[in-house]
Amino acid sequence: MIPIEFRAISDALSSEEGERIAIRGWVYRKREFKDKIFLVIRDSSGIIQCLARKDNQKAFEEARKATIESSVEVEGCIKKDPRAPGGCELKVDELKIVGLAAPFPITKSAVDASSDFLLDVRHLWIRSRRMTAILKVRDTVFRSIHDFFRSRGFYEVQAPMFVTAAVEGGASLFKVDYFGRRDVYLTQSSQFYLEVLIYSLERVYTIAPSFRAEKSRTRRHLTEFWHAEAEAAWMDLNELMRLEEDLICHIVSTVLSERAEELGLLGRNVKALELVEPPFPRLAYDEAIEILQEKGFDIQWGDDLGSDEERALTMDFEKPVFIYGYPEKCKAFYHKPDPSRPEITLSADLLAPEGYGEIIGGGERIENLDVLLDKIKKFGLDPKDYEWYLDLRRYGTVPHSGFGLGTDRLVMWICGLQHIREAVPFPRDIRKVYP
Ligand code: ATP
Ligand code: MG
């Protein structure tokens with residue numbers, strides 16, 4: 001219909017008074033009066049208010065027919081109006097309905113009614129301004145992870161999703177029937193493959209799904225999550241923590257500068273994010289246990305920290321905080337014992353502040369063959385399941401460290417969300433695999 005080029009709505013909003021423009025998008029809001037109809041149109045870049053007046057009969061009729069979420073093309077002139085969102089309004093000359101929408105199931109009252117309903121219609125809820133804002137922050141987070149690792153000389157690699165052995169313990173493995181020949185599993189972490197790859201590339205990273213059969217329902221566990229993992233030859237725990245710190249600071253500052261509008265729309269307190277600067281406080285596991293006992297937690301040295309404990313610990317800090325030196329039994333078998341205190345490991349988790357808790361787990365890996373073999377047996381595992389992993393310690397073994405960052409938990413914290421499901425476009429947990 002329209003001979004002039006379509007513009008993004010964000011671009012249209014900065015047009016001159018009286019300028020003729022065309023936009024296309026979806027009807028986001030509609031208000032009807034006797035002689036005028038306001039349509040707020042949204043596209044991926046923003047929203048603009050359009051006014052159809054009765055004196056333009058044809059456009060007025062189309063505007064009357066246009067339902068919420070109908071896709072439309074609109075042409076008209078820009079009028080500055082401080083009352084309109086974005087400070088200007090489009091006076092409609094022509095309006096074409098491209099796809100007339102049936103009555104949209106997500107109404108204002110439905111949004112308040114139940115989040116279960118919004119999960120069932122996630123394929124439609126994705127269009128909401130809230131989800132759009134979250135997805136844009138998520139995009140910035142993923143891009144800044146790539147930018148960071150490339151700037152630090154890491155190579156991006158890919159690991160398989162079908163694997164034959166557990167990285168994080170058998171309880172959370174998803175089993176898959178592999179052509180009736182054998183059982184394989186969906187990967188819980190790419191770590192072991194990254195460890196292989198450091199023997200050629202030295203510093204590697206990947207961003208990939210990890211799968212864990214998490215049976216308990218929490219606000220921070222999904223069964224399929226996106227895992228940013230890095231592994232580096234010759235790196236010790238101190239260097240690793242500095243790398244993690246720099247990564248998190250880079251991501252947060254990029255989001256703050258590029259996604260201020262989205263954070264505002266989400267009602268995020270950005271002051272809390274502005275405090276995220278190196279160095280992050282480091283707390284020994286031993287001290288963490290003492291603090292928790294003082295706070296009244298029934299916890300003993302040797303117990304793992306759950307989400308309640310992590311929440312209580314992070315409430316005292318304004319920045320993300322490292323907890324280092326976890327006892328051997330809190331961590332998977334490959335964690336390297338501290339030579340000066342073999343009952344603890346050279347490991348560190350990074351906990352996000354404001355109660356969010358663990359976003360990164362990492363540490364030094366065991367590089368000695370015999371130590372690794374002993375650990376595998378001590379953990380009740382079968383060395384036969386780890387043959388190729390053990391080979392890495394047979395042929396030119398090297399001290400090395402690595403970590404895994406849960407990107408969905410990171411997005412959850414940066415956006416200030418209540419539940420991890422909101423941080424992912426199509427969340428999977430014990431109850432939800434649809435849509
Ligand atoms: P948790 O104790 O919270 O279950 P974990 O110790 O099992 O975490 P790691 O195995 O260290 O976690 O995994 C590295 C990172 O991956 C975690 O710090 C977290 O950010 C993320 N992660 C782990 N499991 C999940 C999950 N089920 N859903 C979303 N993210 C996860
Ligand atoms: Mg876990």
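Read the numbers this way: they start at 1 and go in the same order the structure lists the ligands and their atoms. Just so it is clear, the model here is predicted, and its values are computed rather than measured.
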Provide the number and element of each atom of ligand 1 under 4.0 Å from a heavy atom of [X].
X	value
His227	13 (O), 14 (C), 15 (C), 16 (O)
Ile360	18 (O)
Gly361	11 (O), 18 (O)
Arg220	3 (O), 28 (N), 29 (C)
Glu214	24 (N), 26 (C), 27 (N)
Ile420	29 (C)

Where is the nearest protein heavy atom to [atom]: which residue, which atom, and how far?
atom	value
atom 16 (O) of ligand 1	Phe225 CE1, 3.4 Å
atom 4 (O) of ligand 1	His221 NE2, 2.7 Å
atom 15 (C) of ligand 1	Gly404 O, 3.5 Å
atom 20 (O) of ligand 1	Ile359 O, 2.9 Å
atom 19 (C) of ligand 1	Arg409 NH1, 3.5 Å

Taking the minimum heavy-atom distance to [atom], which of [options] ranks first?
atom	options	result
atom 12 (O) of ligand 1	Glu168, Glu358, Arg428	Glu358
atom 9 (P) of ligand 1	Arg212, Gln191, Glu310	Arg212
atom 27 (N) of ligand 1	Leu350, Leu222, Asp408	Leu222

**Message:** Can you tell me if Val167 contacts ligand 1 (heavy atom of the residue under 4.0 Å from the ligand)?
**Reply:** no
**Polar atom proximity, Leu405 to ligand 1 (N or O, under 3.5 Å)** = no
Ion pair [X]/[Y], N-O distance below 4.0 Å:
X	Y	answer
Arg203	Glu231	no
Asp429	Arg421	yes
Glu258	Arg143	yes
Arg42	Glu69	yes

**Request:** Please work out whether the ring planes of Phe280 and Phe322 are parallel, tilted or perpendicular, with thresholds of 30° and 60°.
**Result:** tilted
**Request:** Evaluate the ring planes of Tyr386 and Phe333, with Trp represented by its six-membered ring, and classify them as parallel (under 30°), tilted (30 to 60°) or perpendicular (over 60°).
**Result:** perpendicular
**Fill in**
Which of Leu417, Leu118, Leu135 passes side-chain contact (heavy atoms from CB on, under 4.5 Å) with Arg130? Answer is Leu417
**Request:** List the steps, then state whether salt bridge (Lys or Arg N to Asp or Glu O under 4.0 Å) holds for Asp349 with Lys331.
**Result:** CA-CA 11 Å; Asp349 283 359; Lys331 290 285 168 194; 2.8 Å; yes
**Item:** Residues Glu195 and His400: side-chain donor-acceptor under 3.5 angstrom
**Value:** yes
**Asked** Do Asp382 and Ile376 come within less than 4.5 Å of each other through their side chains, counting heavy atoms only?
**Response** no
